[in-house]
Amino acid sequence: MKVMARARNPRRTVRSGGRHLDAYGASFLAVTIAVLLAVLFTIAAPNAIADKHDKPAHSSPDAIAADSKFKGHLPITELTEDQAILHALNRLAYGPRPGDADRIRQMGLEKWIDQQLHPDSLDDSALDNRLEKYPTLNMPARELLDKFPPPQLAAKRAGETLEEYKQQMAEKRREAVSQTTTQTMAQSTTQTMDSGNDNSNRAQQQLAKMQGPNRIIAELSMAKIDRAVYSQRQLEAVMEDFWFNHFNVFANKGADKWMLTAYVRDTIRPHTMGKFQDLLVATAKSPAMLFFLDNWQSVDPVAFKDHQQEIAMRRARYQGMFGGEFSPSPGSFPDPNSRFPRAQGGARPQQQERGLNENYGREVMELHTVGVDTGYTQQDVIEMARCLTGWTVREPRRDPDFVFRPEFHAEGKKVVMGHTFNYGGEKDGEEALKILANDPHTAKFISTELARHFVSDVPPPVLVDRMTKEYESSGGDIRSVMKTMIYSPEFWSKQTYRAKVKTPFELVAGTARALNADVAISLPLAQWVGRMGEPLFLCQPPTGYSDKAETWVNTGALLNRLNFALAFSSGRLAGTSVDLGAMFGPEASKDPEMAL
């Protein structure tokens, strides 16, 4: 309070920790404290940061209730106009940017929401241009494997030992950092080295260290940050993050590092607002998911044994044909029923042992569709796994595309949760997945997850029931379910307003948006997300990251958020520059009380 009392006179100094601060220093401290409080205690950016618009005289719920042009058919009765805008931007987007509130106020909140529900109607070419600096985003998995091979394969190609290859890569990283440093020093001779340039230089050096396969996930993470901060299709970006966590894949499991880019680009993003059934089948056929939950190795034991015996018989015939005392005549081929002597000294090859893998069969029911404790049994899990036998990846480390191998599929009748499947082949799995997608338990499970993410950690049962009915009547249309949620009074209630705590990723993206940050290189931001407990694409359990407050609100997490806010507001965050003076106005730079 002493600080505030003395700060009222801008010509006076403020004593802090044995040092004297002038008015500018005190104002900067006040601005920093404002950012800290915003990051630490709120979901939304403070209105002062989010928008400089002079607030209208609306001061009661009745005022907003009368403004039908602003809200349209949205059932907003408890929030003011400013609160409704801020609420929408923090739930259906990654928070407000300067000018967003004015723009929404002019066009009407209902129109803005309709645009977000139909992302194809929005021009996102500016983001597309920004993402062009990440060449890996448009590469298929086989190209990524060729350009960024695993260390063992790269060493083999180069004719080196693994240790020699690692030393060579370390030298390349040093050279890249050295080259970046030389370039920045050359730039510094023609321009003054301010904190913004220094931040950019440090970020360039961090990025230069990303060589080899790690570059793939680095670019994918940076693109995710950029999309959240700069995309006009904000709801699509939020839904992409939601669905990725729902259908989580861990990037560091074997070959998944090379498959994940296509998984996000071709499987998750195109289906964020479509039919849940289509999204489910697309994830089930994704090489990334098949590899992560081991379904690519799942085979019917009997079918696999028969296949192995057939291979052994062929090998024996070929060995006998070329290992005996005669040569085959040109163009001839051994008769399947003929007997040839076994090749001399040829050992009988050991047959592989493979069988049914239940991992995906279990998780697709427990985590992706009907949810746990909904009546399915262990036998249902086994039968679901049998439906999906033969769904595999051609060559995970060379040509990682989905392929159905009928020779590994379990033939015959399968019964999953009372439904019988006996189509034969790939259709067994497709029909089983469609049944799960349209099960009433799935309708409630997905509706509950959406409501928990967008409304509150414990969503109102009446809202979940309303969304569940819409899911069932629309055939699992995600856009329709989202619209039902948004057009429900529970979404706009005072209890819902500011009821959610941001995850680290949401916090970083929201802070960058609120402070109108210029993010030249987003790798340091992605690293801060990881430092606060949510490393992007690196959640090991198939559950994905939690969106509940209890996960992110603890002493350690709050301390990390404070450190992030300090780094951001003080201009020490590599790759990012923030002009707080422009954000808070010239008056705030002179008056600490006004800044706060």
Side-chain angles (χ1 to χ4, degrees), residues 43-44 88-97 116-117 119 122 124 127 131 134 137 217-251 260-274 276 279-280 282-283 286 288-289 292 367-368 446 448-455 457 478-479 481-482 485-486 500-513 519 522 525-530 532-549 551-552:
I43 290 181
L89 284 167
N90 278 286
R91 298 302 174 85
L92 308 178
Y94 281 106
R97 291 180 64 100
Q116 293 300 317
L117 285 169
L122 294 167
D124 225 8
L127 173 69
L131 297 181
Y134 307 128
L137 296 185
I217 302 304
E219 291 197 0
L220 192 60
S221 299
M222 290 188 289
K224 185 180 178 75
I225 293 284
D226 288 355
R227 189 177 298 277
V229 174
Y230 291 107
S231 177
Q232 297 298 320
R233 303 172 180 180
Q234 281 287 291
L235 182 55
E236 181 183 64
V238 174
M239 292 295 288
E240 180 182 316
D241 182 62
F242 172 83
W243 287 123
F244 185 88
N245 276 300
H246 184 83
F247 295 102
N248 182 57
V249 170
F250 176 48
L260 207 59
T261 299
Y263 181 63
V264 174
R265 181 190 64 225
D266 303 331
T267 301
I268 300 295
R269 190 175 304 130
H271 296 95
T272 54
M273 295 285 189
F276 179 76
L279 174 58
L280 178 65
T283 57
S286 165
M289 181 64 73
F292 177 54
L367 299 179
H368 299 171
I446 297 301
T448 301
E449 284 209 332
L450 286 168
R452 185 175 65 231
H453 186 84
F454 288 95
V455 181
D457 287 0
I478 299 168
R479 182 181 288 108
V481 176
M482 287 293 294
M485 179 192 74
I486 296 169
K500 290 288 293 181
V501 171
K502 286 194 172 185
T503 66
F505 173 65
E506 293 168 341
L507 175 72
V508 168
T511 303
R513 286 176 61 81
V519 184
S522 49
L525 287 180
Q527 291 170 336
W528 262 107
V529 176
M532 288 188 281
E534 193 185 6
L536 299 178
F537 305 109
L538 293 176
C539 181
Q540 295 189 37
T543 51
Y545 288 119
S546 169
D547 54 9
K548 292 183 178 180
T551 305
W552 308 111

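Each residue takes its place number in the sequence, starting with 1.
- L450 places a side-chain heavy atom less than 4.5 Å from the side chain of M239.
- Using a 4.5 Å heavy-atom threshold, the side chains of D547 and D457 count as separate.
- Judged purely by atom type and a 3.5 angstrom limit, T511 uses its side chain to pair as donor or acceptor with the backbone of L507.
- A donor-acceptor distance shorter than 3.5 angstrom exists from the side chain of N248 to the backbone of P541, with no hydrogens or angles considered.
- Contact annotation: the side chain of V238 approaches that of H453 to within less than 4.5 Å [non-hydrogen atoms, C-beta and beyond].
- At least one donor-acceptor pair under 3.5 Å links the side chain of R91 to the backbone N or O of V455.
- The closest donor-acceptor contact from the side chain of R479 to the backbone of L117 lies under 3.5 Å.
- When side chains are defined from C-beta on, M482 counts as touching L235, because their heavy atoms get closer than 4.5 Å.
- D124 places a side-chain N or O within 3.5 Å of a backbone atom of Q232 that can act as its donor or acceptor partner.
- Remark: side-chain polar atoms of R233 are paired, donor with acceptor, to backbone N or O of L122 under 3.5 angstrom.
- Between F276 and W243, the ring center distance clears the sub-6.0 Å criterion.
- In this structure, the side chains of S522 and Y134 come closer than 4.5 Å at one or more pairs of heavy atoms.
- Nearest heavy-atom pair, Y94 versus K502, reported as atom, atom and distance to 0.1 Å: O-NZ, 3.9 Å.
- Rounding to the nearest 0.5 Å places CZ of F247 at 10.5 Å from OG1 of T267.
- Of the possible polar contacts, none joining the R97 side chain to the R513 backbone as a donor-acceptor pair under 3.5 Å is found.
- A pairwise comparison of heavy atoms in A288 and V249 identifies O-CG1, 4.0 Å as the closest pair.
- Proximity of V519 to Y230: side-chain heavy atoms (C-beta onward) are separated by under 4.5 Å at one or more points.
- Put simply, the side chain of Q234 gets close to the backbone of A228: a donor and an acceptor are under 3.5 Å apart.
- Between atom CG of residue L137 and atom CE of residue M222 there is a gap of 8.5 Å, rounded to the nearest 0.5 Å.
- The two atoms that bring A237 and R227 nearest to each other are CB-CG, 4.2 Å, heavy atoms only.
- Of the candidates L367, I446, T283, H246 forms a side-chain contact (heavy atoms from CB on, under 4.5 Å) with just one, namely I446.
- Once rounded to the nearest 0.5 Å, the distance linking CG of L92 with CD1 of I486 reads 4.5 Å.
- Atom CG in L260 sits 10.0 Å away from atom CZ in F292 (nearest 0.5 Å).
- Across M289 and Y263, no two heavy atoms sit closer than the pair CE-OH, 3.4 Å.
- Two residues are said to be in side-chain contact when any heavy atoms from C-beta on lie closer than 4.5 Å; F242 and T272 fail this criterion.
- Nearest heavy-atom pair, A526 versus S221, reported as atom, atom and distance to 0.1 Å: CB-CB, 4.1 Å.
- A ring-centre distance under 6.0 Å is found for F537 and F244.
- Of all heavy-atom pairs between M532 and V508, the closest is CE-CG2, 3.4 Å.
- Counting only distance, with no hydrogens or angles, the side chain of N245 and the backbone of D241 share a donor-acceptor pair below 3.5 Å.
- Put simply, the side chain of W552 gets close to the backbone of S546: a donor and an acceptor are under 3.5 Å apart.
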